[in-house]
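Quick notes on the structure that follows.
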Amino acid sequence: MFIGEVSKKTGLSVRAIRLYEEKGLIKPPKRQGRYRVYTQVDIEVLNLISEAKDLGVTLATLKNVIIYESGEVDWERIRRFLFEVRDQLKRDMQTIQIRIRRVERCIGAIDDCQVGLDSPPKGRD
DNA sequence: TTTCTAACA
DNA sequence: TGTTAGCA
């Protein structure tokens, strides 16, 4: 299929698809004349790239993960990478939870110091 | 109409 | 990334 259809199927812009090829994230598809012809595997890789992008994975990182072994995608490597991403996300979640508690402590400290906010303390001078 | 390359009010 | 120009 041509790039227009791939764009619709993956939700990626035609521009982005060509860019990923230029960056080496996908291998240059065969040409039918001067038009790029994509395969189902290309769609799958492109979908992966689309997902990873939303997950905050940089294109540079992806390039090291999507490796073509004799023209074939090493899905097992991608799978291992995905586990790493998941583990990192879990660690991030822990530090965020810790920060949430710290912020709540600050809020609590402020509340404790402003008990009389609604009725300003009377000066005792 | 769609795709291609190259380039940027 | 978008978008536009000028082709095929």
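Each chain gets a letter, A, B and so on, in the order its sequence line appears, and its residues count up from 1. All values below come from the heavy atoms of this structure, side chains included, with hydrogens, waters and symmetry mates left out.
Side-chain N or O atoms of A:K63 include none that pairs as donor or acceptor with a backbone N or O of A:G24 at under 3.5 Å.
If you measure from atom CZ of A:R15 to atom P of B:dA7, you get 12 Å, rounded to the nearest angstrom. With rounding to whole Å, A:Y38 atom OH is found 11 Å from B:dC4 atom C1'. To the nearest angstrom, P of B:dT5 lies 13 Å from CD1 of A:I17. Counting to the nearest Å, the C1' atom of B:dT3 and the NZ atom of A:K30 are 20 Å from each other. Atoms CD (A:Q32) and C1' (B:dT3) sit 12 Å apart, rounded to a whole Å. With rounding to whole Å, A:R31 atom CZ is found 16 Å from C:dA8 atom P. Atom CD1 in A:I3 sits about 5 Å away from atom P in B:dC4, given to the nearest Å. When rounded to the nearest whole Å, the span between CD of A:E21 and P of B:dA6 equals 12 Å.
Ion pairing of A:E21 with A:R36 is present here, as a side-chain N (NZ or NE/NH1/NH2) and a carboxylate O approach within less than 4.0 Å.
C:dA8 and B:dT2 make up a base pair, with Watson-Crick or G-U wobble contacts both under 3.5 Å. Figure legend. B:dA7 is base-paired to C:dT3; pairs are counted as Watson-Crick or G-U wobble with both atom distances under 3.5 Å.
Phosphate contact (OP1/OP2 of B:dC4, side-chain N/O of A:R18, threshold under 4.0 Å): present. Contact annotation: A:Y20 side-chain N/O to C:dT1 OP1/OP2 distance is under 4.0 Å.
In this structure, of C:dA8, B:dT5, C:dT1, it is C:dT1 that holds the atom nearest to the side chain of A:L19. Checking B:dT2, B:dT5, B:dA7 against every side-chain atom of A:R36, the shortest atom distance belongs to B:dT5.
Nearer to the 5' terminus of DNA chain C, by closest-nucleotide assignment, is the contact made by A:V14 (compared with the other of A:Y35 and A:V14).
Within a 6.0 Å sphere centred on CZ of A:R31, heavy atoms belonging to other residues, nucleotides or ligands number more than 12.
Counting only N and O atoms by type, the side chains of A:D42 and A:T39 include a donor and acceptor under 3.5 Å apart.
Side-chain atoms of A:L62 and A:Y20, non-hydrogen and from C-beta on, never get closer than 4.5 Å to each other.
At a threshold of 4.0 angstrom between heavy atoms, the contacts of A:K53 are confined to the sugar-phosphate backbone, with no base atom among them.
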